[in-house]
**Q** 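Handing you this structure, nothing more for now.
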Amino acid sequence: MTDRRQELARNLETQRARIAAACAAAGRDPAGITLVAITKTYPVDDVLRLAGLGVRDIGESRDQEAAAKATAAAAAGADVRWHFVGHLQRNKCRSVVRYADMVHSIDGVLLARELASAADRYREHRLDVLLQISIDGNPARGGAIEGAEDVDREVRAVLDEIVAHPDTLRLRGVMAIAPIRWSPRAAFERLADIGDWIRAEHPDATVVSAGMSADLEAAVAAGATHVRLGSAILGNRVPPAVA
Ligand SMILES: *Cc1c(COP(=O)(O)O)cnc(C)c1O
């Protein structure tokens, strides 16, 4: 094993143990948690190493980087599912629908409409999507529902747009990033409540994408089904240079 492969194997083992402990504390089955390894800023070789270590779910947050890695990983024969977790610009929809298996970050009506139209033209199978919720109504960290006075009304509008395209989009659930000033537990419980009312209407919407390296325990306690782990597995990212 190369040093890097060993390092990733060790980190993965630690994070799987962390998930197992969080599940034990919450009385949950670890089989109900999907670990999505967020590989942004790291090379495709790391994606291949992770795939070799049994990771099937890979997440990225920028289209250009993700598209290149998905192409390279497919060429190398890696069998992974690609999760797009970052803010998605409408002009990137055409690209994202070609490689993504699940888009976590649908946060607006126009984005949902554009993604449905791109999926119709550029892919064969329906695209799994999550409605990203802005827990505190502040758009800074992404999520529906920018500038909304009535958050539930905005969530409703995006939801209605997603389910208006049943041939191209499949609503699978909700996603959020815990706001900086909130306790993660309170944020993820609020997300779970929103997930519950959406699932009451749309039984396929079983996914709750919550929890990152710093707050996975709170997410598991609140019912997360998908945790998105970057630095805890790959290492600390070098901050982008300031232009
Ligand atoms: C980068 C990123 C993550 C992973 O963050 P870490 O703190 O490194 O685990 C998770 N979700 C989203 C949306 C991200 O952009």
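Below, all heavy atoms of this structure are taken into account, side chains as well, without hydrogens, waters or symmetry copies. The structure presented is a predicted model; accordingly, all values stated were derived computationally and were not measured. Just follow the structure's listing: the first ligand is 1, and inside any ligand the first atom is 1.
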**Q** Is the count of non-hydrogen atoms from other residues, nucleotides or ligands lying under 6.0 Å from R94 atom CZ greater than 12?
**A**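 At most 12 heavy atoms, drawn from other residues, nucleotides or ligands, come within 6.0 Å of this atom.
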**Q** Does atom CZ (R90) have a neighbourhood of more than 12 heavy atoms from anything else shown, all under 6.0 Å?
**A**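 Incorrect, the count does not exceed 12.
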**Q** Any idea which protein heavy atom is nearest atom 1 (C) of ligand 1, and the distance to it?
**A**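 So the nearest neighbour among protein heavy atoms is K40 NZ, 1.4 Å.
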**Q** Quick check: R237 and ligand 1, any N/O pair under 3.5 Å apart?
**A**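 R237 vs ligand 1: N/O contact under 3.5 Å present.
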**Q** Quick one: does G230 get an N or O within less than 3.5 Å of an N or O on ligand 1?
**A**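 Yes.
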**Q** Just to confirm my output: which protein heavy-atom neighbour is closest to atom 13 (C) of ligand 1, and how far is it?
**A**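 Nearest protein contact, heavy atoms only, for atom 13 (C) of ligand 1 is V85 O, 3.4 Å.
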**Q** Spell out, as yes or no, whether a donor-acceptor pair under 3.5 Å connects the side chain of T2 to the backbone of R5.
**A**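 Judged by distance alone, yes, a pair lies under 3.5 Å.
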**Q** What protein heavy atom sits nearest atom 11 (N) of ligand 1, and how far off is it?
**A**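 Here the closest protein heavy atom is R228 NE, 2.9 Å.
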**Q** Which option wins on minimum heavy-atom distance to atom 9 (O) of ligand 1: S213, A214, A232?
**A**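 Considering heavy atoms of S213, A214, A232, the nearest to atom 9 (O) of ligand 1 sits in S213.
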**Q** Does either side chain, that of S209 or that of R228, offer a donor lying less than 3.5 Å from an acceptor on the other one?
**A**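 Their side chains do contain a donor-acceptor pair, which is all the 3.5 Å distance test asks for.
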**Q** Quick one: nearest non-hydrogen protein atom to atom 10 (C) of ligand 1, plus distance?
**A**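 Result for atom 10 (C) of ligand 1: M212 SD, 3.2 Å.
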**Q** Return yes if a side-chain donor-acceptor contact under 3.5 Å exists between R172 and T206, otherwise no.
**A**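 Short answer, yes.
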